[in-house]
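Okay, structure first, notes after.
The chains referred to below are lettered A, B, ... by the order of the sequence lines, with proteins before strands, and numbering in each begins at 1. Basis for what follows: all heavy atoms, side chains included, without hydrogens, waters or symmetry-related copies.
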Amino acid sequence: MEHYNFSEIEKKWQKQWLETRLYEPSFSNAKQPFYNLMMFPYPSAEGLHVGNMYAFVGADIYGRAKRMQGHNVFEPIGLDGFGIHSENYALKIGAHPMDQSKVSQENFYRQLSMIGNGFAWEERLETYDPAYYRWTQWVFTQLWKRGLAYRKRQSVNWCPSCKTVLADEQVVGGKCERCGTIVERRDLEQWFLRITEYAPRLLANLDVIDWSERVKIAQRNWIGKSEGARIRFSVVGGQLSVTHLEVFTTRPDTLFGATFMVVSPELAKSWMDAGRSGSDESSGSKRWQASEEVRAYVTDAIARRATADPEAPTQDKTGIDSGIRAVNPATHEEIPVWVSDYVLAGYGTGAIMAVPAHDGRDFEFAKKYQLPVRMVVCPHYPAPSCPVLDHAYEDAGHLVDSGRFDGMDSETAKWAIAEFVHGTRETQYRLRDWLISRQRYWGVPIPMIHCEACEQAGRGEWKEMPGWYAVPDADLPVVLPHIKEFRPKGTGESPLATMKEFYEATCPSCGGAARRETDVSDTFLDSAWYYIGYLGRINDKRRTTPTLRETEVGAPTGSVGADNPFLNLLIQKWLPVNLYTGGAEHSVLHLLYVRFLSLALHDMKLLEFGPSSAPKGEPFPKFRAHGLLIKEGAKMSKSKGNVVNPDEYIRKYGADALRMYLMFLAPFEQGGDFRDEAVMGVVRFLERVWRLCTTNDKQQTTNDKRIERLVHKTVKKVTDDIETLGYNTAISALMILLNEMERSTDKLTTLNLQTFLKLLAPFAPHITEELWSRMNQQPTTDNQQQEFKSIHTESWPAYDPALLVEETATIVVQVNGKARGTFTAPRGADQAAIEALARAEANVVRHLTGPPKRIVFVPDQLINFVL
RNA sequence: GCCCGGGUGCUGAAAUUGGUAAACAGAGGGGACUCAAAAUCCCCUGACCGCAAGGUCUUGUCGGUUCAAGUCCGACCCCGGGCACCA
């Protein structure tokens, strides 16, 4: 008997699939397009990680089943190769990122082609390819033209180790997402994308899209919607250049209990600095004359904020009375204005009304500085007295000590009081604009030009940003040059700022000498549109044989001209993506950015998807987060040295075995622990499949009805489980079927064997292809080649629901709820018949010591005698 | 502190949504085949009592609802992940 030579078989079919372009969909003729997208990898490390393979295989199985179910499946792959992760890896091994990218690319593609996925290789892309990033830059300039990209000076996150600024989303628990260094604050002028403008829609659409719940929750929390009111407090006696202080509060109902105000050190500093610049001076505003103590506190608090260690035990709140007084608009009392580090500059107005009785933080602060605490919401009303507080009471209740609002429930009082003091309703979001500048080398140059002369003259594309111009479309891409000194400098500028040939430019407006922006953009901008890139015409140059696509692509439907790769019939036909699969760690990074950009491009009429169940412009109506693959209870990481390289397992056991093992160990959405010994289970399974199919030599030819029933049951189970990504139980059902087929003494019918192979095909594509081809081999008289008919384009088996119903049922007999025996009975037997059979069981007789008070009967399942 | 997951044999896990807990595997033990080993095949394996028939206990802990609870309700403990002075 020929043994199962997986390595030969796998190589053979991978070659055949590629040559016959089995996984290249016919883009324009597809009747049922199915875009099966998985997050493309960062080729940053030593090679493909088994965790990547886990994710890709899980997605591929779904796509393969869909293909067999009659869909035209498009499963693209590419590399997210620009950015800090790739650059840091190059730095670590002492290579130049541009040279290293070629090495990584080759290695990744080699590994990716071994795992047996049905990738459409001809559409692959790499984000560092100028043909690709030309469009990343184009997207940026479009956002700029619509006012969604802007440059602003503000306090930003700075990673001292990566020597660049970071977006809020890339700061995890106060540390750099990439290297774990504590992030500092720096005041810098940077490029931002106005994602906050989309906060309401990004939030609202979450209710309608079909995504893993945990990811939706993470996005909701990150966007952080709060509804409240903006309330004005007047400042006493012209101490400040401003006459009013505004606060945002979600609890206007507690206004009568606001006994002081607190402003952030940054806001206080802006008062001290007011009038320092020329324009303010001329408008006659005067600078705040703060005391020395207050000045010292403000300076110190801002400095401390810049380097605070988030891991340190929560620092004690500090603060100082500014000397300024304001008026509570409800009580008309004069209250002090304090400066404290517990108030954030970047949220709301940077100032708060403090209600110590009903806010934990204000309470703590009031206790420390002996400020008055006045209770205005009482939990039990009407009551003679409110409880004495030892902590803030933050729940709802009824108002007390609040003038004419006494007795009102706090929920109603919110808007009544807000209205009473002429406050306005306001919704605040926690989400902040996306900071995309990076002071690094290995990324997409931000395609902007700054002209000093134009700035002096007040000219520019936007009044607010004089001197700035987008690089004209015709001049894109701004190519990233190969420079020797690519290391980050830490000066707040990219290494490109040292390269004269790069930064010297001509002003697109006045034609004078100008300077090119030298920062590069965040990698997440590259990956925010790659799923469109696979369908665009951006990488046609790579294709050696022209595909139908050049002629297939319809005329652009928008007004931006044929050059816009985002508007064409293919995109309308194939987008939005049918299923997107990836890691939950991207919940508030990639998965948020990509939604934002798609919505924005739709609003700008630069992108148009086809019909979808999701709101217009949502790129991924269905997203599933896979679980994390760990090793011995710990996350795989290079520093722990427990990263599993799939290569050696594929060499040892084959891609099919590794695929099946990865999918068998736990539910796909849960993730699991990789243990080498456990691989043997599926290795044995595949060998038994091989043996069964190559030596079906049982003698009897009678058709085994039992096997046929089980086959139908398995078809249903596997079909349903694939739909819910329950691959582990689908595989277990296939194992049960194999066990029974082996055990059967009857010769197995070809149909049953074929059905079994088809069900197994998405999981183990190579072995099933080989066995399928053998099974369908026609005896040929001459050497003529047989036409290649892949199992992967065969139709998915159907099941007969009538065969799923067993003829008999196993009935459990209970006495007082305890199982005392089982017996089989004809399906559908009535209670009287079952009761008679049950009473005949010896063990039941023993326990039926008296007449039952009650008999519970569940047809075909159970009978319970209750004594 | 808040928000998500999760807690079931030696291990990974399963359980048609309230109806025989532990399917399918791994590991371990025993046996067959073999000069021997590997591979393969068969049997056993939640705990305790019992020769057996059978019984008692068992899904993180405690309590509740129910004829019946891994599943529902309440309180708590532990593990993993996310957010963290967001007013």
Need one value for [X]: base, sugar-phosphate or nothing, where a base atom within 4.0 Å counts as base even if backbone is also close, heavy atoms only.
X	result
A:Arg214	sugar-phosphate
A:Val172	sugar-phosphate
A:Ser226	sugar-phosphate
A:Ser587	nothing
A:Ile352	base
A:His358	nothing
A:Asp362	nothing
A:Ile217	sugar-phosphate
A:Lys853	nothing
A:Ile736	sugar-phosphate
A:Ala678	sugar-phosphate

### Message
Judged by each residue's nearest nucleotide on RNA chain B, which is more toward the 5′ side, A:Arg432 or A:Arg688?
### Response
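Looking at the nearest nucleotide for each, A:Arg688 comes out on the 5' side.
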### Task
Could you check A:Thr349 against A:Asn728 and say which one's nearest nucleotide on RNA chain B is further toward the 5' end?
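Checking each residue's closest nucleotide, the 5'-ward one belongs to A:Asn728.
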For [X] and [N], what is the distance between atoms [atom1] and [atom2] respectively, to the nearest whole Å?
X	N	atom1	atom2	result
A:Met660	B:G12	CE	C1'	15 Å
A:Asn816	B:U66	CG	P	15 Å
A:Arg220	B:A84	CZ	C1'	20 Å
A:Glu213	B:G82	CD	C1'	15 Å
A:Leu665	B:U11	CG	C1'	12 Å
A:Phe664	B:C24	CZ	C1'	5 Å
A:Asp721	B:A13	CG	P	16 Å
A:Glu364	B:G1	CD	P	14 Å

Candidate nucleotides [options], ranked by approach to the side chain of [X] - the nearest:
X	options	result
A:Trp222	B:A13, B:G55, B:A84	B:A84
A:Arg691	B:C41, B:G19, B:A84	B:C41
A:Asn843	B:G55, B:C24, B:A14	B:G55
A:Arg684	B:G19, B:A27, B:U20	B:A27
A:Arg675	B:A14, B:G12, B:C67	B:G12

Opposite nucleotide pairing with [N], Watson-Crick or G-U, both atom distances under 3.5 Å:
N	answer
B:C2	B:G82
B:G19	B:C67
B:A75	B:U61
B:U40	B:A32
B:A14	none

### Message
Please identify which of these residues, A:Asn864, A:Val866, A:Ile834, A:Ile863, meets the side chain to side chain contact (heavy atoms under 4.5 Å, CB included) condition with A:Ile855.
### Response
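Of the listed options, the one satisfying the test is A:Ile863.
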#### Entry: Partner of A:Glu177 under side chain to side chain contact (heavy atoms under 4.5 Å, CB included), chosen from A:Leu589, A:Val183, A:Val171, A:Leu166
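That would be A:Leu589.
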If you measure from the [atom1] atom in [N] to the same atom in [M], how many Å do you get, rounded?
N	M	atom1	result
B:C83	B:G28	P	41 Å
B:C72	B:A53	C1'	37 Å
B:U20	B:A69	P	12 Å
B:A52	B:G9	C1'	26 Å
B:A75	B:G26	C1'	38 Å
B:A87	B:U66	C1'	47 Å
B:A15	B:G63	P	29 Å
B:G5	B:U56	P	38 Å

### Message
Is there a side-chain contact (heavy atoms from CB on, under 4.5 Å) between A:Asp316 and A:Glu364? Walk through the geometry before answering.
### Response
CA-CA 9 Å; A:Asp316 214 17; A:Glu364 196 188 315; 4.2 Å; yes
### Message
Counting distance alone, no hydrogens or angles: does the base of B:C85 have a donor or acceptor under 3.5 Å from a partner atom on the side chain of A:Lys317?
### Response
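Per atom types, the contact qualifies.
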### Query
Any idea if B:G9 is syn or anti, going by the 90°-from-0 cut?
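Chi for B:G9 falls in the syn range.
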### Task
Classify the glycosidic conformation of B:U17 as syn or anti, calling it syn when the angle lies within 90° of 0.
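Judged by the O4'-C1' to base torsion, B:U17 sits in syn, the angle falling within 90° of 0.
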### Stepwise side-chain contact (heavy atoms from CB on, under 4.5 Å) test for A:Thr714 and A:Tyr799
CA-CA 9 Å; A:Thr714 309; A:Tyr799 59 88; over 6 Å; no
Any [X] side-chain nitrogen or oxygen under 4.0 Å from OP1 or OP2 of [N]:
X	N	answer
A:Asn739	B:A23	no
A:Tyr347	B:A87	yes
A:His847	B:G55	yes
A:Gln670	B:A13	yes
A:Arg820	B:G55	yes
A:Lys818	B:C57	yes

### Query
Within a strict 4.5 Å, meaning less than it, do heavy atoms of the A:Tyr649 and A:Val644 side chains meet?
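The answer is yes, as the side chains (C-beta and beyond) meet within the 4.5 Å cut-off.
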### Query
In this structure, are over 12 heavy atoms from other groups packed under 6.0 Å from A:Lys652 atom NZ?
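Check fails, neighbour count at 12 or below.
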### Query
Is it true that A:Lys216 and A:Asp207 make a salt bridge, defined as a side-chain N closer than 4.0 Å to a carboxylate O?
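Looking at A:Asp207 together with A:Lys216, the answer is no, because their closest N to O distance does not fall below 4.0 Å.
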#### Entry: No-hydrogen, no-angle side-chain donor-acceptor test under 3.5 Å, A:Tyr4 and A:Thr694
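Short answer, no.
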### Query
Under 3.5 Å, is there a donor-acceptor pair between the A:Glu169 and A:Trp222 side chains?
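There is such a pair between these side chains.
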### Message
Between A:Asp341 and A:Arg304, is the salt bridge (charged side-chain N to carboxylate O under 4.0 Å, His left out) condition met? List the steps.
### Response
CA-CA 9 Å; A:Asp341 54 2; A:Arg304 264 185 293 124; 3.2 Å; yes
